[in-house]
Amino acid sequence: MYYVDGEPIADTKSPDGPIETRWDRRRFGAKLVNPANRRKLTVIVVGTGLAGGSAAATLGEAGYRVKSYCYQDSPRRAHSIAAQGGINAAKNYRNDGDSIHRLFYDTVKGGDFRSRESNVYRLAQVSVEIIDQCVAQGVPFAREYGGLLDNRSFGGAQVSRTFYARGQTGQQLLLGAYQALERQVAAGTVETYTRHEMLELIVVDGRARGIVVRDLVTGEIRTDFADAVVLATGGYGNVFFLSTNAKGCNVTASWRAHRKGALFANPCYTQIHPTCIPQSGEHQSKLTLMSESLRNDGRVWVPLEAGDPRAPGDIPEAERDYYLERIYPSFGNLVPRDIASRATKNVCDEGRGVGPGGLGVYLDFADAIGRLGRDAVEAKYGNLFEMYERITGEDPYEVPMRIYPAVHYTMGGLWVDYDLQATIPGLFVIGEANFSDHGANRLGASALMQGLADGYFVLPNTINDYLAAGPFPQVDAGHPDAVEARTAVEDRLTRLLAVDGDRTVDSFHRELGRIMWDYCGMERTEEGLRKAIDLIRALRDEYWQRVRVPGSAATLNQALEKAGRVADFFELAELMCVDALHRTESCGGHFRAESQTEDGEARRDDEHFTYVAAWEWAGASAPPVLHKEDLTFEYVQPSQRSYK
Ligand SMILES: Cc1cc2nc3c(=O)[nH]c(=O)nc-3n(C[C@H](O)[C@H](O)[C@H](O)COP(=O)(O)OP(=O)(O)OC[C@H]3O[C@@H](n4cnc5c(N)ncnc54)[C@H](O)[C@@H]3O)c2cc1C
């Protein structure tokens, strides 16, 4: 038995009534905290990416006492810095028919009708405020000749609504959030703790009240307490070992909260991004994204004939297959990521892929360079072209880029209600760490939008409703629940060091990633998922008998850090496969081979699967419990998604 059924759950915080006014009404209905009382309330924010950085700065500005944690050496090294292409907002600067309703519609459809309408509508509403906020901070968005902010298109949309700062949008947005955070540090409302890793959540009387952290430099274990805890700890794509995520990205904070009672929603929804630099060999530990913005001007193609040995420049137009333009004429190269990735996999499976192992397709800028000129292409994408050349040694101005899908983003995460509160009262989850507004597939440029919507605008309003009942009774390091959490952390570190085996953490992680990619990656089958669960369990047992973690816990020890993260990945990986196995439909990033249309498109099963799957931890030796949150669609009617 892989799982058991539990009680259904509901999002009780989302108001009903007209969708346009729900957010206003929730804000009006939520309790407020008097400004003079805010300094008596403390909030821990774990994570300093776009979600956590913006939340900590905004809560500090509001007058709360904030403690901000991250494991990097500076808040501004959070993984958000890597985001390249842009951030969506329904500003309609291009006057091309965009509106809040259209962004809402595109996002619900893009997510394959597996997200909550209320949340997505709010996201689209708030998107316009984010741009104003960031411009006011001085974020240098690209501008048109006339001075207005420029826009470009991303997948799954027929309008231009993506704001960008060359190919380094995340970095510029993060510098904006970081400045706002540092202003609060100087003002004394925010304290930052860098190089600290949260290893456990402290729950007292059913409420999240603190965390256990390890100082990664000295090895010291500490407890810290607050009236509420916010997790903004990012996504878990690195469960696949190879992904476009920064090497440090992990699931530990979320997973520890899950083990303490927070439900984990839709873990199997993984985004495979279609345009990454193909893997070059077995030694590789990281994959590199080529931004989706490149599909505005780059054309994706493969040779018509399988096994064509000619160089791309020698293949005439008539012998090329621009397969996205052919299959999806209305969206062309800008179909959503799940669709583009699967189409790419299909042409490679037919033997028409290019480059080593046939695992690649061309992304060709020859037309764009001919039409716009090299300077214009360089102005838009210069740094991405440079990055590609540095990694592959090929000049994309001269020869087409080679790209292949890779793991990029996780739509699953801790379950939250409309207020972004998890099932543990006092625990709020924002950014990529929550199960988010993206349903089964995220549209490009929507993660930055969601992270900043959560951090600057949503959480700072909804958390008041919870904190209004505080301050809660004082808790200190001697409280039995704090002692228990701290002891659990120490015991686990000791256990990892005590194995003293003969295999590196990385060798296990790489093998786990391979299992996940083969059986829970771009295409999943019942047989494959069952096999994966067996393989993961066996490898996890082996891990606890053979892993070798050198050094001690009392010093800087990166092997030990990794070992804890990989131990959590093992447990998560099994849940991902169970989730994928139980969802016998295809939807968005979850493609079940048994559920496809005659022309190979994903076949959803709305009758049986229009719900969020929220999983409860029932202990290491008991199957997880499935709670379903039914999704209802009043404003966008679920239909067979077509981009043709
Ligand atoms: C290469 C790349 C390009 C992308 N480009 C785009 C784009 O153009 N547009 C777009 O919308 N999206 C893009 N994305 C997605 C987007 O960047 C991320 O989804 C988003 O930045 C996540 O932000 P976050 O604040 O939720 O988490 P992160 O930025 O990942 O931050 C996580 C934070 O949590 C901290 N943390 C984690 N665990 C712990 C712990 N246990 N203890 C203490 N601290 C912890 C980390 O130190 C860090 O500060 C891209 C992603 C990648 C990989």
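Counting convention: from 1, in listed order, for ligands and their atoms alike.
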Considering residues at least two apart in sequence or located in another chain, which fulfil the ring pair (Phe, Tyr, Trp, His ring centres under 6.0 Å) criterion with Phe241?
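Here the qualifying residues are His509.
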
May I ask you to establish whether Arg209 and Phe225 are in a cation-pi arrangement, using a distance under 6.0 Å from NZ or CZ to the six-membered ring centre and at most 45° from the ring axis?
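No; the conditions do not both hold, so Arg209 does not lie above the ring face of Phe225.
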
Partners passing salt bridge (charged side-chain N to carboxylate O under 4.0 Å, His left out) against Glu378 (at least two apart in sequence or in another chain):
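Here the qualifying residues are Arg374.
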
Looking at residues at least two apart in the chain, or sitting in another chain, which of them share a salt bridge (charged side-chain N to carboxylate O under 4.0 Å, His left out) with Glu220?
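Partners of Glu220 under the salt bridge (charged side-chain N to carboxylate O under 4.0 Å, His left out) test: none.
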
Should Arg256 and Glu200 count as an ion pair when the cut-off is N to O under 4.0 Å?
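Salt bridge: yes.
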
Tell me the residues surrounding ligand 1, counting only those with a heavy atom closer than 4.0 angstrom, sorted by chain and number.
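Contacts of ligand 1 under 4.0 Å: Val46, Gly47, Thr48, Gly49, Leu50, Ala51, Cys70, Tyr71, Gln72, Ala78, His79, Ser80, Ala82, Ala83, Gln84, Gly85, Gly86, His196, Glu197, Met198, Ala232, Thr233, Gly234, Thr244, Asn245, Ala253, Leu289, His408, Tyr409, Gly431, Glu432, Arg442, Ala445, Ser446, Ala447, Leu448.
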
Taking the ring of Phe570 and the ring of Tyr543, is the distance between their centroids below 6.0 Å?
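For Tyr543 and Phe570, the ring centres are under 6.0 Å apart.
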
